[in-house]
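The block underneath contains the structure these notes are about, expressed in structure tokens.
Small disclaimer: the values here were computed from a predicted structure and weren't measured. Along the sequence shown, residues are numbered consecutively beginning with 1.
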Amino acid sequence: MRLLCTLACILLAATSLRAQQHTTYDDVDPFIGTGAEGHTFPGASLPFGMVQLSPDTQIRPFKQSYKWAAGYRYEDTTILGFSHTHFSGAGHSDLGDVLVQPISGDVHLDPGEIDKPGSGYRSRFSHKTETAHPGYYAVTLDDYNIRAELTATTRVGVHRYTFPAGKPAHLLIDLRSSIYNYPGKVLWSSLRIRKDADGSTILTGMRETRGWAPARQLFFAMKFSAPVTATHLYDREDQPVLYRGFKTPGDTPEDTQAIEGRGLIGVLDFFGNSSTQASPIRQTGTTPIRIKFDEYRAVKSTTYTSIGHPVNQLIVKVVLSPVSEANALANMQAEAPGFDFDAIQKQAEQRWQQALSVAHFDADEPTRKTLATALYHALLAPSIAMDSNGDYRGPDHAMHHADGFNFVSSLSLWDTYRAEQPLMTLLEPPRVTADLARSMLASQQQSPFGILPVWQFAGIETWCMIGYHAVPILADAIMKGLDKPGPGLAKGDTANPGFNANAALDAMVKSADYRPYGHLAEYIDTGYIPIDTGTPGSHDESVSQTIEYAFDDWTIAQAAHKLGREDIAERFTRRANNWRNVFNTKDGFSEPRLADGSYRKPFDPAKAGAGSGFTEGNAWQYSWYQPQDEQGLIHLLGGDAKLIAKLDEMFDQHVDPKQYADVEDISGLIGQYIHGNEPSHHLAYLYSYAGEPWRTSERLQQIITSQYKPTPDGLVGNDDLGQMSAWLLFSAMGFYPVAPASNQYVLGRPFAREIDLDLGNGKQLRITAPGLTDSNKYVQSVTLNGKPIDRVYVTHDEIMRGGELHFTMGPQINRTWATGIAARPVSITRP
């Protein structure tokens, strides 16, 4: 018996060791979401990194750009080059800055046509030669027989190109290329050839664009591991130029050392044309053999074992700055002073191993892969938007300095306030949320309008989407106590700087009371936004605006209550009820309302798009968006059964997808439920508000099994800088923040046997469902640290104390668990 016990212990230890060796990092697949409408990219970045270095497969004219919002699309067959800035999953786009393409042989200055190989500088590629891991991407450019590898630091994109010897080797830098492009988008740009202290060549430059963010400036610098043998600078301006000024020195592209204009291209030559300058690696026979791509992943330093002819290897460092070329060079010195690609790539891997280690998933392989990649995508934004010395460019386009915090941007707030940012408050140290809060407050102080960001990137406001959703993020942080300064929680962890909660509340109120924004004057004066006032079409989103403002107002009231500012709390609690002013009790839908108080006729709840009154949706999604008062909705509808019937009608409708063919960002349909767009994301959880939590479990299973999979087309809609991924992670954990700033998470059901979380406060939470199978899909009971939870929510404080959240699963519906009135989540109206 003792021998059997010993053997069992050895087997358990071996199993544990294997589990430890297999990390969340190993399960990440950056290609998930790069097809269909996920709009993710497969390239190299660090967690929250400024540089997001990735291949661009097509740059289409602005009105054809939607599918290429991330620059890369999995079904494409050619690569234009590798640019240094991207959004992960945005539904609109910009960026694609500083496109670099390595070239072997003749140089074309234009991309050429996809179906005409050799017509331009783009190259064909095969997915068979692609490799992508967090912090690393590689591909073989077939037309040039060049192996391209990418990695990154926070502000530096690092390229390793292996050229075949015996052919001219070049780098092309195209400053014309931009995601969501149009003629005249580049307002101005520059390229300058400089010499480093050691005499080596440096290329620096800048670009100012009028894209999604107006007048956005970006500066960069490039250094090379091999000598530049020749330089060529071109201006291929495609617009008539009426005045060019006086002639500058340099009669030819080869003589020019600095150039400014709107259509700039640089070409740098390396290694000369003689194969004697190559570094031979190994040859067999006398006939050159194409370089084998799959042997490059394991190489170290400059020693290669690939079979083929001699090769030349070039390391390129491209560093970004929002402020100046000098700051760009300082960023490079701070983060990547040398040219050891493998060391930098290893550091990137270690950063991602650490970042992703906050969660471990015990599930089948497809589920692990999907969840690990969701966590990876959730950690890409918001991104650092300042230099290593703290300098950044604010919404006033002036230079500012972040003192004691990291200035971050890429704030897709209409999406991320729902689940992405609440996830960060669970899994990331408090300083991460404090950095975001202080960044938004700095932006409010520097804004010419004096309000918080709406949809900001690179520090510049875009005015995209509706609402003032910086407000619930700040309110949620205040409610969770993340405004309080504190020490680092672990060795090497930066201390939490905290933020001034009362100053944050003042900024929230200023944004909510800024009458020129988004028809707020009418909302404040009337209690809703009429659809028939203003210029034709100007109030097309009136219902959505009214409803979303009302939720934001409730979060202001929550924070004001906590801070003891009851005058603000009372005023904004009244405003939080304004959702009722567009809810027509006669048919049970939120509807466009006229200035005279009547509802517009005729009314079609399925109408979306222009003139509908709704933002990227319709009444079927928005009528149930009052997370602060779902019991009030139930009361207006006439009871629990009426809400459940409405939800079922929404999910079970037969809908022709062509109905939404002309409405951008509507995808992932289940009836009239649209998972690819955020206003639907809380809807499955509403069954629990009406006393039938098992229906929430059923709908969650329906959504997850149909909307997520571990393939390039595994995201049915834009990931929206982590929101789609955060929804999945929360739902897989078994709870979801339906109403941020409530400090409650509504329980659903888990989708993994076990999930281990390292919480942002240094404690651990284990979520267990050992009996979970396809048939055992219903929650029978829930315990937290052994104590029964007979309600359909857990609190933030309960989660952050750590321990074990245990779900007992079974094949039958338990109609008694957590169905009582007292078991329901927070609501302005109590049952």
Residues which pass side chain to side chain donor-acceptor pair (under 3.5 Å) with D94, listed by chain and number, not counting sequence neighbours: K185
Ring-face cation of K317 near F224 (centre distance under 6.0 Å, axis angle within 45°): no
Residues at least two apart in sequence or cross-chain that pass side chain to side chain donor-acceptor pair (under 3.5 Å) with Y66, listed by chain then number, are D665, N718
Is the closest basic N to carboxylate O distance between D110 and R236 below 4.0 Å? yes
E149: which of H159, R160, Q345 passes side-chain hydrogen bond (donor to acceptor under 3.5 Å, both in side chains): R160
Decide if the gap between the ring center of W212 and the ring center of F62 is smaller than 6.0 angstrom. no
When you look at D143 and R122, which way does the salt bridge (charged side-chain N to carboxylate O under 4.0 Å, His left out) test go after all the steps? CA-CA 8 Å; D143 289 335; R122 73 171 72 238; over 6 Å; no
Counting the benzene-type ring for Trp, do W68 and Y180 have ring centres under 6.0 Å apart? no
Which value, rounded to the nearest 0.5 Å, describes the distance between T77 atom OG1 and F125 atom CZ? 7.0 Å
K116, NZ atom: more than 12 neighbouring heavy atoms under 6.0 Å: no
Please determine which of V267, V100, I265 meets the side chain to side chain contact (heavy atoms under 4.5 Å, CB included) test together with D174. I265
So, D26 and R368, do they make that salt bridge, N to O below 4.0 Å? no
Quick one: sort the H133 and Y25 rings into parallel, tilted or perpendicular, breaks at 30° and 60°. parallel
Could you tell me whether R73 and E37 have a side-chain N and a carboxylate O separated by less than 4.0 Å? yes
Please confirm whether the ring centroid of F87 lies under 6.0 Å from the ring centroid of F457. yes
Are more than 12 heavy atoms from other residues, nucleotides or ligands located less than 6.0 Å from atom CG of D106? no
Please report the interatomic distance CE(M222) to CG(L191), rounded to the nearest 0.5 Å. 9.5 Å
D29 and K369 ion-paired at < 4.0 Å: yes
Determine, using ring centers only, whether H127 and Y74 are less than 6.0 Å apart. yes
Just checking H84 against F82, ring centres under 6.0 Å apart? no
Using the side-chain hydrogen bond (donor to acceptor under 3.5 Å, both in side chains) definition, which of the options E208, E260, Q217 pairs with W188? E260
Centroid separation H86 to F41 less than 6.0 Å: yes
